Number of protein chains: 2
Amino acid sequence: MITIKDVAKKAGVSVGTVSNVINNIDIVSESTKRKVFKAIKELNFKPNIIARSLSKGKTDNIAIIVPEINNPFFPELIRGITDFLETKGYYAIIINTDNNAEKEEIFINGLNSFLVSGIIIAPADSKGKDFRVLSELKIPIVIVDRESDNLNDDTVIVNNHKGAYDAVNYLINCGHKIIIILCGSNHTKTAQNRYIGWRKAMEENNLFNDDYIYWGDFTIDSGYKMMDEVLKKFKKVDAVFASNDIIAIGAMQAIRENGLRIPEDISIIGFDDIYFSKLLSPPLTTIRQPVYEIGSMAAEILLKKIEGKSELKNICRYVIDGELIIRDSVAKKAGS
Amino acid sequence: MITIKDVAKKAGVSVGTVSNVINNIDIVSESTKRKVFKAIKELNFKPNIIARSLSKGKTDNIAIIVPEINNPFFPELIRGITDFLETKGYYAIIINTDNNAEKEEIFINGLNSFLVSGIIIAPADSKGKDFRVLSELKIPIVIVDRESDNLNDDTVIVNNHKGAYDAVNYLINCGHKIIIILCGSNHTKTAQNRYIGWRKAMEENNLFNDDYIYWGDFTIDSGYKMMDEVLKKFKKVDAVFASNDIIAIGAMQAIRENGLRIPEDISIIGFDDIYFSKLLSPPLTTIRQPVYEIGSMAAEILLKKIEGKSELKNICRYVIDGELIIRDSVAKKAGS
DNA sequence: TAATAAAATTGAATCGATTAAATTTATTAA
DNA sequence: TTAATAAATTTAATCGATTCAATTTTATTA
């Protein structure tokens with residue numbers, strides 16, 4: 001192993017000087033710099049990141065905690081985050097909690113600032129979870145995609161309320177009246193806010209009905225089951241607002257298996273615009289989240305906090321608007 | 001920050017003893033152990049992983065290098081790897097190269113054993129790439145999913161040859177004769193071996209024809225384009241063997257857009273069995289890779305190598321059989 | 001009870017870089 | 001030429017845990 005000592009010896013200078021050179025501390029004369037660079041190259045020296053971390057008291061790792069790596073939404077979020085991080089010399093440690101609050105807790109408890117100097121977290125689905133450990137860590141944190149009552153920190157999130165409101169209004173404008181909502185987990189603010197958006201649009205158009213509300217969670221399975229119940233209960237349903245695309249996919253399966261056609265018999269709209277939504281048959285109309293951008297934004301904010309460059313001292317919520325993507329899963333009724 | 005010194009002082013013992021306690025070195029008397037544990041608990045001490053890594057000369061990080069995190073195959077592979085790693089106290093640093101050999105190279109060059117003590121890599125698509133840096137690192141490496149001529153190390157991989165052979169034989173048994181192959185990138189062994197499997201089955205049945213071969217890469221787009229060309233060139237095609245599910249998805253789109261039905265007009269079979277394949281319409285018949293298991297197997301092998309427990313000194317290839325999953329995208333012709 | 005062996009504990013060196021005070025060398029002004 | 005100042009360089013302490021030789025304590029045996 002080539003160390004800074006070897007370089008110093010070869011270049012005929014002290015370790016302090018080598019350190020100054022590799023850290024771009026501009027106090028070293030040009031001629032010494034040249035000697036040092038030459039030695040570094042000849043020895044193929046690479047500084048030991050661990051040793052550096054120890055003496056600097058910080059690491060170049062940040063943790064990304066996601067609830068479900070199988071929902072393509074999250075790999076794309078990760079891509080947005082890591083693409084940004086890597087340009088700045090940071091590495092991402094990725095933890096997939098599989099929506100298991102316990103697993104999340106174990107990881108967070110084991111976590112300390114020695115391992116990572118920042119965290120980007122999309123909390124697992126869990127009501128009233130205690131995130132005190134996280135705040136006690138005194139590590140910069142950015143929350144993405146899912147808010148939590150018990151975690152109060154900088155947040156980058158899509159405008160769930162408005163997105164849902166827009167989606168439902170689109171359904172209404174297409175002439176639909178009986179509009180079911182298949183919610184995600186009631187333990188997530190995400191699902192709650194999408195519900196509120198649905199409710200607002202329904203109430204404004206005098207279409208609101210308690211019976212239209214189904215709570216489940218953000219899985220294909222849950223979407224399938226909820227839709228199955230809907231079809232058992234209702235003789236006639238105009239349209240379905242699925243709280244995310246994954247739920248929509250499950251619901252579409254249930255609809256098809258019940259011998260109904262999309263959108264001729266039932267229209268459906270989703271939320272997220274994951275990559276596969278455009279490939280479904282019919283391609284899914286949905287609210288697109290700029291998820292890659294949300295990821296890189298979260299990373300940028302986190303690095304600013306880590307490097308102490310954050311302009312604002314108070315906590316910020318960055319709320320990004322989604323966009324209605326019209327495809328073929330919603331029918332336009334005559335006269336609409 | 002609470003250090004081992006603080007614990008030693010509080011417990012009234014030396015740092016060496018505290019170190020022995022937290023490292024389970026069974027030389028400490030029960031009574032001292034109790035004192036130390038008490039102090040650890042009271043101070044909420046957590047060992048500094050960085051300092052430990054420095055003095056032990058190894059880290060608890062391993063790198064996972066994947067070519068495309070957007071193909072759901074890889075998140076599932078990552079899940080298999082990390083679930084295993086986490087039980088052993090290792091963390092995964094995930095690098096997505098987006099099939100960009102240059103990006104992969106930059107990362108690998110920046111890599112050193114201080115950062116990670118092992119690597120699991122599914123190389124980016126690149127012909128004749130030079131992996132010498134990797135072997136010079138002297139870090140344990142396990143290759144998954146994609147082999148490379150220039151990387152020779154323990155490998156966990158599905159039996160691509162047999163899988164393709166089985167898939168094509170299934171098509172043949174269903175009565176298909178004109179069977180196109182949509183290959184992935186010619187720069188990957190994966191695509192090459194699947195091609196060889198196709199070819200063997202075709203030749204054995206006297207169905208082989210050079211014109212049936214299309215080379216592209218492992219993307220939806222490529223699948224779409226190749227299929228489009230096929231449909232322009234051939235009046236009649238019985239079936240398509242797509243080199244992976246992603247290609248199949250693109251091809252299915254092209255087929256549909258050309259006004260043809262699956263499987264009535266054209267049958268199609270994929271490879272991988274990614275999560276979404278069963279959700280397509282029609283659900284895709286494909287060769288299932290036990291990807292989660294491949295991931296945990298790779299992780300297990302890697303940890304054995306890292307911890308020096310590897311029984312065998314020579315390089316091993318673990319070849320796992322895929323499984324034909326019959327769904328609805330292949331038609332059975334009369335008399336077959 | 002002394003001698004010896006075994007067990008438990010200590011403490012200083014170490015890992016490889018950073019950092020800041022101390023020292024040396026170069027530059028400028030008088 | 002010398003003193004004062006600025007620039008460049010060195011040196012040693014430091015980060016927090018591990019490790020092992022040295023020492024102390026405890027247990028065993030004669």
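Bear in mind that the values here come from a model prediction, so they are computed numbers and not experimental data. Residue numbering restarts at 1 for every chain, and letters A, B, ... go by the order of the sequence lines.
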Rounded to the nearest 0.5 Å, what's the gap from CD1 on A/I120 to CD1 on A/I81? Could you check? 4.0 Å
Rounded to the nearest angstrom, tell me the gap between atom CG in A/L43 and atom C1' in C/dG16. 15 Å
Rounded to whole Å, the CD1-P distance (B/I4 to D/dT19) equals 11 Å
For A/S29, all residues meeting side-chain hydrogen bond (donor to acceptor under 3.5 Å, both in side chains), sequence neighbours excluded: A/S31, A/T32
Restricting to side-chain hydrogen bond (donor to acceptor under 3.5 Å, both in side chains), what partner residues turn up for A/T219, sequence neighbours left out? A/D217
Spacing of A/I40 atom CD1 relative to C/dA17 atom C1', expressed in whole Å: 13 Å
Who pairs with B/E30 by salt bridge (Lys or Arg N to Asp or Glu O under 4.0 Å), at least two apart in sequence or on another chain? B/K33
Distance check needed: D/dG16 C1' versus B/K9 NZ, whole Å only. 15 Å
Determine the contact category for B/I22: base if any of its heavy atoms lies under 4.0 Å from a base atom, sugar-phosphate if only primed atoms, P, OP1 or OP2 are that close, otherwise nothing. sugar-phosphate
For residues 46-102 of chain A, the ring pair (Phe, Tyr, Trp, His ring centres under 6.0 Å) pairs (sequence neighbours left out) are A/Y91-B/F107
Find the distance B/D6:CG to D/dA17:C1' and express it as a whole number of Å. 13 Å
Angle between the end axes of the helix from C/dT1-D/dA30 to C/dA30-D/dT1, five pairs per end, to the nearest 10 degrees? 50°
Nucleotide C/dA17, atom C1' - distance to CG of A/D60 in whole Å: 13 Å
Between C/dT9 (P) and B/N23 (CG): distance, integer Å: 16 Å
Test salt bridge (Lys or Arg N to Asp or Glu O under 4.0 Å) applied to B/D83 - qualifying residues, sequence neighbours left out: A/K103
Give the B/S/- string for nucleotides 5-15 of chain D, one per nucleotide from 5' to 3', where a protein heavy atom under 4.0 Å of the base yields B, of only the sugar-phosphate yields S, and otherwise -. ---SBBB---B
According to salt bridge (Lys or Arg N to Asp or Glu O under 4.0 Å), who are the partners of A/E76, at least two apart in sequence or on a separate chain? A/R79
Heavy atoms only, 4.0 Å cut-off, all strands: where does B/I49 land among base, sugar-phosphate and nothing? nothing
List in chain and number order the residues that pass side-chain hydrogen bond (donor to acceptor under 3.5 Å, both in side chains) with B/S296, two or more places apart in sequence or in another chain; answer none if no residue qualifies. none
Rounded at 0.5 Å granularity, tell me how far CG in B/L134 sits from CD in B/E105. 10.0 Å
Give the rounded distance in Å between these two atoms: CD1 of B/I50 and C1' of C/dG16. 13 Å
